[in-house]
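Step one of this worksheet: look at the structure below.
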Amino acid sequence: VGSRNDPFDRFVLSASPRLLRLSFLLVGDRGAAEDLLQDVLARMYVRWPRIDEPEAYARQALAHRATNRWRSRNRRPEVALTDEHDVPVPGPEPTDREALMTALESLTARQRSTVVLRFFEDYTVEQTAAAMNCSVGTVKSQTARALPRLRDLLTTEESCR
Amino acid sequence: MTSMLHDRMEAATSGIVPGQDLLTRARHEGRRRLRRRQLTTTVTLAVVVGLTALSADTVRSWHSTSPAYAMSGPLGDGQPHGDLAGDVQYGAAVSSAVVTWLKSAQRSRYGQPLGSPKIVWAGATPAGPAAIVEQTVKVAKRRKTALWFVGTGPNGPRVAADNLDHPRIQAWYVDPEHRVLAVIDDGTRREVAFRWNYKADGQARHAFEPLPFKDGVAVVELPADVQRDTVVVGDQPFLSHEQTVGIGNVEGESPKLSGLPWVNPASKAETLIPFIHTGHPAVIEAAPFPITQQLYQRAMQALETHTDEATGFAQYPTWFVYGTTPRGRQVIIFQRQLASDPARLYALVDSTMFDLGVVDRADPLPVRLHLADGEGWVVAQYGAALKYRIANGPWTDAGPDAALVPDKATSVEVVSPADGQVVVLLSTR
């Protein structure tokens with residue numbers, strides 16, 4: 001029986017807001033972000049006794065699954081169930097969010113995960129490499145390719161306002 | 001560029017909060033995977049040790065049926081219920097709505113419908129007619145039977161939710177405005193609570209009340225002052241969030257945050273705001289009891305023991321005003337918001353909780369805690385310079401952000417970028 005005193009429940013209740021934001025940046029869709037996070041949390045539930053650092057594990061799993069999401073896309077399309085499920089996301093002006101999400105969408109999945117981990121989670125190059133299970137050099141090269149593209153897109157968008 | 005990127009990503013996600021039932025869904029899915037893994041292991045072992053007596057028919061039946069929801073309670077007798085159960089025209093419209101739904105873009109998720117939809121309940125509600133439909137589908141080579149909850153739409157009956165993935169979903173809002181709630185009677189004592197009740201000792205509990213079940217379903221209208229995200233349906237006695245009954249068409253609530261936005265720009269973790277002793281020269285500074293993790297754990301533990309198990313959105317403490325009084329009492333002040341209710345301030349003095357009331361963002365001195373035994377006042381306004389005085393005496397500097405001022409202090413001067421210079425009178429409210 002779960003409760004707020006259960007370590008897994010405590011972890012979900014305390015960490016899920018931040019993890020959902022990370023997931024949203026990784027996949028760009030609110031519903032898909034929650035699905036992805038739920039999937040990762042369910043996997044963690046199964047492995048919970050063997051997970052030492054839940055938050056780090058969750059971030060790594062989110063990045064990994066977001067990067068490899070295309071593999072399962074054809075099995076379960078991510079479309080809203082009905083318009084009742086289209087919950088508007090409060091926050092900044094929609095144009096700001098849309099511009100950022102459009103810019104992130106223009107990156108490859110790996111570039112996107114790299115950028116989000118490095119500049120949203122403030123991961124170091126080494127931490128990002130560990131989370132993405134790749135080399136430091138790969139993180140650097142992915143970052144070097146992604147940043148100019150983001151700069152171009154976001155600068156263009158600002159100058160058009 | 002990189003700091004701009006960080007800021008934009010923070011801003012772009014600032015209003016995103018998890019759905020009401022994320023924890024329940026994650027646990028449910030986790031348990032299902034755990035059972036599947038255990039079952040797979042068992043079956044594999046059985047095969048390895050040569051238990052071939054497991055017949056092909058047994059294996060086939062295990063794979064072929066996997067009901068998502070076993071109907072129990074008054075609706076489990078196989079007969080249609082409700083005052084519209086015999087309405088052929090409405091029944092046809094409901095069946096059509098479900099079939100259309102199943103053949104829509106979600107087909108890959110819902111699989112292939114097997115047989116015809118079976119209406120198990122249809123009845124009138126204040127929002128119009130509603131129905132529950134049982135339907136078997138074939139998903140990934142497995143048969144699953146689930147319930148489809150039908151409400152009202154602009155063009156007649158409309159599928160509002162289903163419980164294919166989450167059998168604990170047994171309630172739904174009939175109308176698109178989500179003011180009329182229908183709940184299945186599954187034979188257990190099932191009740192509804194519309195709001196949180198807050199008490200001075202920090203308790204926040206739901207007050208459950210009976211549901212008016214009739215013909216296997218209860219229909220209730222939400223009181224006008226109730227936000228839907230504070231509503232909880234639960235099996236009684238309500239001891240665990242697992243007794244929460246899922247409401248199918250409420251997901252992803254994103255309430256407006258009304259707490260004090262006290263964020264230390266240098267840290268993404270909790271904002272620590274130590275209060276400085278003034279007027280107590282014998283005590284130079286607060287005892288170094290708190291570190292972030294300890295503060296967080298103590299606050300969370302206090303909140304948990306004072307809050308019932310209904311899951312839902314909650315913004316947990318993100319800042320702490322803390323310190324030790326001259327008599328050695330450890331004081332922590334923090335805020336917490338439940339659902340779309342206003343954020344509230346709490347104080348933990350040693351192990352005793354106090355509810356300090358609703359956060360008032362417009363208050364130039366939003367944190368004011370009068371300590372017992374003449375120990376003074378803990379006051380705070382993050383980012384402000386504070387001074388205090390006793391009656392018409394001289395102003396005494398109390399430092400930045402937060403302070404413990406003497407019990408005899410009568411007013412505090414707050415100088416902040418937002419409010420400029422404001423004098424706040426202290427009084428025991």
Residue part contacting chain B, namely of [X], when any heavy atom lies under 4.5 Å:
X: A:F119; value: both
X: A:V115; value: both
X: A:R118; value: neither
X: A:S14; value: both

Kindly state each residue pair satisfying side chain to side chain donor-acceptor pair (under 3.5 Å) with at least one member in residues 135-147 of chain A, sequence neighbours excluded.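 Counting only pairs at least two positions apart or across chains, the side chain to side chain donor-acceptor pair (under 3.5 Å) contacts touching residues 135-147 of chain A are A:S135-A:T138.
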
If the condition is side-chain contact (heavy atoms from CB on, under 4.5 Å), which residues does B:H206 pass it with, not counting sequence neighbours? B:A193, B:W196, B:F208, B:V232, B:D308, B:A310

Within a 6.0 Å radius of atom CZ on A:R149, are there more than 12 heavy atoms belonging to other residues, nucleotides or ligands?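 For A:R149, atom CZ is not crowded (no more than 12 foreign heavy atoms under 6.0 Å).
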
With a 3.5 Å cut-off and no angle check, do the side chains of B:T24 and B:R168 form a donor-acceptor pair?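 The answer is no; no qualifying pair exists.
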
